[in-house]
Structures are given as structure tokens and as C-alpha cells.
Amino acid sequence: MKGYIHSVETCGTVDGPGIRFVVFMQGCPLRCQYCHNPDTWQLKDGKETEVEELMKDIRKYIPYMKFSNGGVTISGGEATMQKDFVIELLKRCKEEGIHTAIDTSGFVCLEDAKEILAYTDLVLLDIKHISAEKHLQITGVSNEWTLQLAKYLHEQKIPFWIRHVLVPGITDKTQDLQALRAFINTISSVEKVEVLPYHTMGKYKWEKLGLPEPLPGVKPPTEEQVKRAEQILVPRVTNQLVVS
């Protein structure tokens with residue numbers, strides 16, 4: 001089984017609990033205006049890799065993962081775009097007793113998602129925007145599948161984290177944040193909510209690829225803007241949710 005990967009991170013600490021081996025898959029159907037890895041968009045721009053080749057690397061880090069209650073996270077690009085490869089990799093990890101996580105935008109049909117979730121312990125769900133219209137504007141695709149996936153995770157009691165990138169003037173409007181919080185409050189299996197500040201570290205990649213800068217002049221949010229978003233998005237303590 002072969003797939004296209006962009007890169008790996010051997011000791012990741014932000015894409016799930018504990019120390020994690022993170023596989024960044026190549027290929028993404030979204031065209032987020034604030035994307036910091038546009039070099040992951042085209043599927044065959046990645047390195048063709050076999051599952052066993054990845055497993056050989058992953059096994060080297062099992063002691064670190066076990067010690068820290070970590071595991072393997074499959075990210076992107078969009079992790080679900082190469083479904084068959086991802087399922088095989090997840091299966092192999094489960095056979096080794098490794099905790100598995102998927103970092104996804106949720107842009108995947110539910111039937112395909114169900115196959116992947118059969119071998120997934122935790123989902124990191126990136127909700128780009130709660131508004132269908134604004135989601136389409138900033139990503140080029142609908143958020144229907146994303147919200148459908150969140151509801152399915154709730155129904156099946158599958159643990160997941162919600163991530164929201166805070167972009168000043170685009171994803172930080174009070175009414176939109178309140179609408180997202182209202183949605184979160186209907187989901188019981190959300191373990192964590194993360195507000196991820198927009199940054200410009202990937203700007204040079206847009207320039208290198210000859211792509212027009214989509215957000216000229218937009219700066220990262222201030223600490224106060226991030227705290228304000230967290231105050232809105234973090235549900236009550238009774239829901240046992242936290243923000244990192």
C-alpha cells in the first residue's frame with residue numbers, strides 16, 4: 001500500500017495528547033485563505049511512501065509514545081483524502097497498540113469517515129467557520145460534511161477536539177464565535193476546544209509557488225483577541241472542556 005506524504009514530525013506535542021509521531025499527508029481539496037502549507041495541496045507533489053516504510057520509523061518512537069501517553073497522528077493536507085492508505089496505516093498502528101488520531105477539516109463523506117474512524121481513537125476536527133457562506137468564501141468548499149461529522153462523533157460518543165483558527169476580521173466576529181459555541185454546546189463528546197492564532201509563517205510558500213497573497217495586510221491576532229475568543233468559545237465548566 002502506497003500513498004503520498006508531505007513530511008513527518010517525530011516528536012510532535014501539539015497534535016494530540018503526549019509525544020506523537022505526526023504524518024502529514026499530501027493533497028487537500030480545501031483552499032484556505034490562511035493556509036500555511038499550500039505546498040500540500042497537490043497530491044502527487046508529495047513523496048510516494050509505503051505503509052511499512054512509515055511503520056519502521058514509527059516503531060523507533062514507541063517507547064516515547066508509551067511513556068507520554070502519546071501516539072500517531074495523521075494530519076495533512078487533508079488526512080482523509082487518501083482514505084485507503086490512511087486506513088491501512090491506522091490498522092497497523094492499532095496492531096502495535098499505538099494510540100491513533102486524525103487531524104481533519106471534516107471534508108469527507110460520512111461513509112468514508114466511518115471506515116477511517118473504525119481505527120481512530122481521537123479526532124482533531126478543524127471547524128474553519130460555522131457560517132456556511134463564510135466557510136465557502138475562505139476555504140472554497142462547504143462546511144456541511146464537517147458539521148455532519150461532528151454530529152456523528154457526538155452520536156457515536158467518539159472523543160474529539162475542536163480546533164478553530166482565529167483570523168482577525170475573518171473568523172473572529174462575535175456573532176460567529178457565539179454561533180460556534182452554541183453548536184459546541186450540543187456536542188457531548190468534545191474533550192477540548194483549541195483556539196489557534198493565525199500566523200504568517202507560511203507566507204513565503206505562497207510567494208515561492210507563485211500564488212497571490214490572499215490576505216494582504218492581515219496580522220496575527222493579539223493576545224487580547226485570542227483571550228476574548230477563548231472566553232466565548234470555551235463552554236461552561238460543567239461540560240468539562242478546556243482551551244489550550
Side-chain angles (χ1 to χ4, degrees), residues 1 3-30 32 35 37 40-41 43 46 49 51 54-55 57-58 61 65 68-128 139 141 143-165 184 187 189-194 196 244:
M1 177 68 70
Y4 293 95
I5 67 168
H6 175 268
S7 57
V8 301
E9 184 177 357
T10 56
C11 291
T13 58
V14 298
D15 294 305
I19 295 174
R20 308 194 71 81
F21 189 104
V22 186
V23 180
F24 295 95
M25 301 299 298
Q26 187 75 19
C28 185
L30 279 66
C32 298
C35 180
N37 286 317
T40 66
W41 288 353
L43 180 64
T49 307
V51 169
L54 275 175
M55 289 306 301
D57 284 340
I58 288 170
Y61 297 90
M65 293 186 280
S68 65
N69 292 318
V72 170
T73 297
I74 304 180
S75 186
E78 171 49 52
T80 64
M81 191 170 170
Q82 299 184 65
K83 182 192 73 171
D84 294 338
F85 180 87
V86 166
I87 289 174
E88 182 62 24
L89 180 57
L90 290 170
K91 281 183 181 179
R92 297 290 296 278
C93 287
K94 296 305 291 179
E95 289 170 2
E96 300 276 353
I98 300 171
H99 179 277
T100 59
I102 288 285
D103 181 7
T104 177
S105 69
F107 190 71
V108 54
C109 73
L110 191 54
E111 291 308 308
D112 284 349
K114 288 178 181 178
E115 293 183 54
I116 295 170
L117 292 173
Y119 306 97
T120 304
D121 296 310
L122 175 70
V123 176
L124 312 180
L125 184 63
D126 303 312
I127 299 184
K128 311 293 185 180
T139 70
V141 302
N143 67 359
E144 181 180 357
W145 278 352
T146 302
L147 301 184
Q148 184 182 56
L149 178 58
K151 292 174 183 176
Y152 178 78
L153 295 172
H154 162 69
E155 292 166 359
Q156 300 300 313
K157 297 181 172 56
I158 298 173
F160 73 109
W161 298 0
I162 286 179
R163 294 174 146 184
H164 181 69
V165 179
I184 293 171
I187 307 296
S189 60
V190 176
E191 293 186 340
K192 189 174 185 179
V193 177
E194 295 184 310
L196 307 179
S244 292

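Heads up: numbering here begins at 1 and tracks the sequence.
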What I'd like to find out is whether the side chain of [X] reaches to under 4.5 Å of the side chain of [Y], using heavy atoms alone.
| X | Y | value |
| --- | --- | --- |
| Gln26 | Thr49 | no |
| Glu194 | Val14 | no |
| Leu117 | Val123 | yes |

If you measure from [atom1] on [X] to [atom2] on [Y], what distance do you get to the nearest 0.5 Å?
| X | Y | atom1 | atom2 | result |
| --- | --- | --- | --- | --- |
| Leu122 | Thr73 | CG | OG1 | 7.5 Å |
| Leu43 | Tyr4 | CG | OH | 6.5 Å |
| Leu125 | Thr104 | CG | OG1 | 6.5 Å |
| Thr40 | Ile5 | OG1 | CD1 | 13.0 Å |
| Ile162 | Leu124 | CD1 | CG | 11.0 Å |
| Phe107 | Asn143 | CZ | CG | 10.5 Å |

Output side-chain donor-acceptor pairs under 3.5 Å for residues 85-101, partner residues at least two apart or in another chain, one line each.
residue, atom, partner, partner atom, Å
Arg92, NH2, Glu52, OE1, 2.3
Lys94, NZ, Asp121, OD1, 2.9
Lys94, NZ, Asp121, OD2, 2.7
Glu96, OE2, Arg59, NE, 2.9
Glu96, OE2, Arg59, NH2, 3.4
His99, ND1, Arg20, NH1, 3.4
His99, ND1, Arg20, NH2, 3.0
Thr100, OG1, Tyr119, O, 2.8
Thr100, OG1, Asp121, N, 3.1
Thr100, OG1, Asp121, OD2, 3.4

Please set out all donor-acceptor pairs under 3.5 angstrom arising from side-chain atoms of residues 151-160, sequence neighbours excluded.
residue, atom, partner, partner atom, Å
His154, ND1, Ser188, N, 3.1
His154, ND1, Ser188, OG, 3.1

Closest approach of [X] and [Y], non-hydrogen atoms and distance?
| X | Y | result |
| --- | --- | --- |
| Cys32 | Thr139 | SG-CG2, 3.8 Å |
| Pro29 | Glu78 | CD-CB, 3.7 Å |
| Asp103 | Ala79 | O-CB, 3.7 Å |
| His164 | Ile127 | ND1-O, 3.0 Å |
| Pro17 | Trp161 | N-CH2, 3.8 Å |
| Gly76 | Phe24 | O-CD2, 3.4 Å |

### Query
Any sub-3.5 Å donor-acceptor pair from Ser68's side-chain atoms to Ile19's backbone N or O?
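Confirmed, Ser68 side chain pairs with Ile19 backbone.
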
### Task
Please assess Ile58 against Val8 for the test side chain to side chain contact (heavy atoms under 4.5 Å, CB included), listing each intermediate value before the final yes or no.
CA-CA 10 Å; Ile58 288 170; Val8 301; over 6 Å; no

